[in-house]
Amino acid sequence: MVIKVENLVKRYGDLIALDHFNVEVQEGEILGLLGPNGSGKTTAINCILSLLKYDKGSIEIFGRPMSPSAYDIKRNIGIIMQNVAVFEELTVYENIDYFCGLYVTDKSHRKMLVDEAIDFVGLNDFRKFYPKKLSGGLLRRLNIACGIAHKPKLIILDEPTVAVDPQSRNNILEGILKLNKDGSTVVYTSHYMEEVEHICSRIVIMDKGKTIASGTNDELKSMIKSGEKITIEIFNFNAKILSDLKNMKNIVSCEFADNHLIVKSMRGENNLMVLLEYLKSNNIAFGKIYSEPPTLNDVFLEITGKELRD
């Protein structure tokens, strides 16, 4: 067990940010931590890292109690937060060397680690650049290099791909998978559901300071009532179609837009066949048909609700 959090409570006055929050992270996995804004994700991470005091509960990392003075534990943790945290007056190489130096004092060994980190994030051509000369994507990659240069066993990434171009995002995701393959356990938070689906071996969804669902991607999808989403090109649409479909047994929702009927159904094997039979029996002309299984985004919205969060 790499992380074990039990009954964690954190209050800000009358506000309960964490309400008996529980989570476990197994060695070698990439855990996705999801939740709406204000659900307690960042508070939980800050408590786990002993950056924030909590009111109740226990936190163990690598099987030992975590505390602000547990420096031997902290040496094996890499932290990459959402906000880029590097020194503007230092070059790319100097920044990585500084952060690596917080954990590795031997200069020759540290130089090897810094060179490996620069190569890993693809910044060899920018070693002497200052941060203000780097694009947003390159800055993110520098931020990651600073957090992982000392070869931590546990890496915590909080929204590492915010506001970067698709190429940089792909580079970052591939890098996370490689770090995991090389032996690091990863905790990953993101609002990009497709990223979490792609890289995470297990996912925890939290809301209102609690864990409300946990499992693999497929296990989470099996928890919700929504099944496939069926999109059908319709040539002679009329309002009666929507009325009829909404009264059908396994239909969760349906709408018509841009000449396409979009139907979300409950789980079942014959939903598409039933829908096509209805169209045929009512002489409704249709064209292309697309059928998609539920996504992690569907799971997230069904479990946490669709209302906007501040």
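Values below: all heavy atoms of this structure, side chains included; hydrogens, waters and symmetry mates excluded. What you see is a predicted model; the values in this text were computed from it and never measured.
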Please find out if less than 6.0 Å separates the ring center of Phe235 from that of Phe286. no

If you look only at pairs with a residue in residues 141-158, which of them pass as a salt bridge (Lys or Arg N to Asp or Glu O under 4.0 Å), with sequence neighbours excluded? Glu116-Lys151

Flag the pair Asp298 and Lys264 as a salt bridge only when some basic side-chain nitrogen lies within less than 4.0 angstrom of an acidic carboxylate oxygen. yes

Decide if atom CZ of Arg127 counts as having more than 12 heavy atoms of other residues, nucleotides or ligands within a radius under 6.0 Å. yes

Hydrophobic cluster membership, with links at side-chain heavy-atom distances under 4.5 Å among I/L/V/M/F/W/Y: are Val121 and Tyr103 in one? no

Can a donor-acceptor pair be found, under 3.5 Å and without considering hydrogens, that links the side chain of Asn22 to the backbone of Asn7? yes

Got more than 12 heavy atoms from elsewhere within 6.0 Å of CZ, Phe62? yes

Check: Lys74 side chain, Pro68 main-chain N or O, donor-acceptor pair, under 3.5 Å: yes

For the backbone of Tyr93 and the side chain of Asp97, can you confirm whether one donor and one acceptor N or O come within less than 3.5 Å of each other? no

Whether Asn95 side chain and Thr91 backbone form a donor-acceptor pair below 3.5 Å: yes

Does Lys208 pair with Asp19 as a salt bridge, N-O distance under 4.0 Å? no

Pair Glu292 + Lys229, salt bridge at N-O below 4.0 Å: yes

Can you get from Leu279 to Met248 by hopping between Ile, Leu, Val, Met, Phe, Trp and Tyr side chains that sit under 4.5 Å apart? yes

Answer yes or no: is there a donor N or O on one side and an acceptor on the other, between the side chain of Thr189 and the main chain of Glu159, under 3.5 Å? yes

Got a sec: does the CD of Glu233 have more than 12 other heavy atoms crowding it under 6.0 Å? yes

Please name the residue in the list Arg169, His191, Gln82 that meets the side-chain contact (heavy atoms from CB on, under 4.5 Å) test with Val162. Gln82

Check whether any side-chain N or O of Ser281 sits under 3.5 Å from a backbone N or O of Glu277 as a donor-acceptor pair, and report yes or no. yes

Salt bridge or not between Asp244 and Lys240? Use side-chain N to carboxylate O under 4.0 Å. yes

His109 backbone acceptor or donor facing Asp106 side chain under 3.5 Å: yes

Sub-4.5 Å side-chain heavy-atom contact between Arg75 and His150: no

Criterion side-chain contact (heavy atoms from CB on, under 4.5 Å) against Tyr188, the qualifying member of Ile156, Ile176, Leu31: Ile176

Is there a side-chain contact between Leu275 and Leu245, using heavy atoms and a 4.5 Å cut-off? yes

Are Lys221 and Glu219 close enough for a salt bridge, meaning some N to O gap below 4.0 Å? no

Is a side-chain donor or acceptor of Thr43 paired with a backbone partner of Ala17 at a separation under 3.5 angstrom? no

I'd like to check Leu276 versus Leu272 (side-chain heavy atoms, cut-off strictly below 4.5 Å). Are they in contact? yes

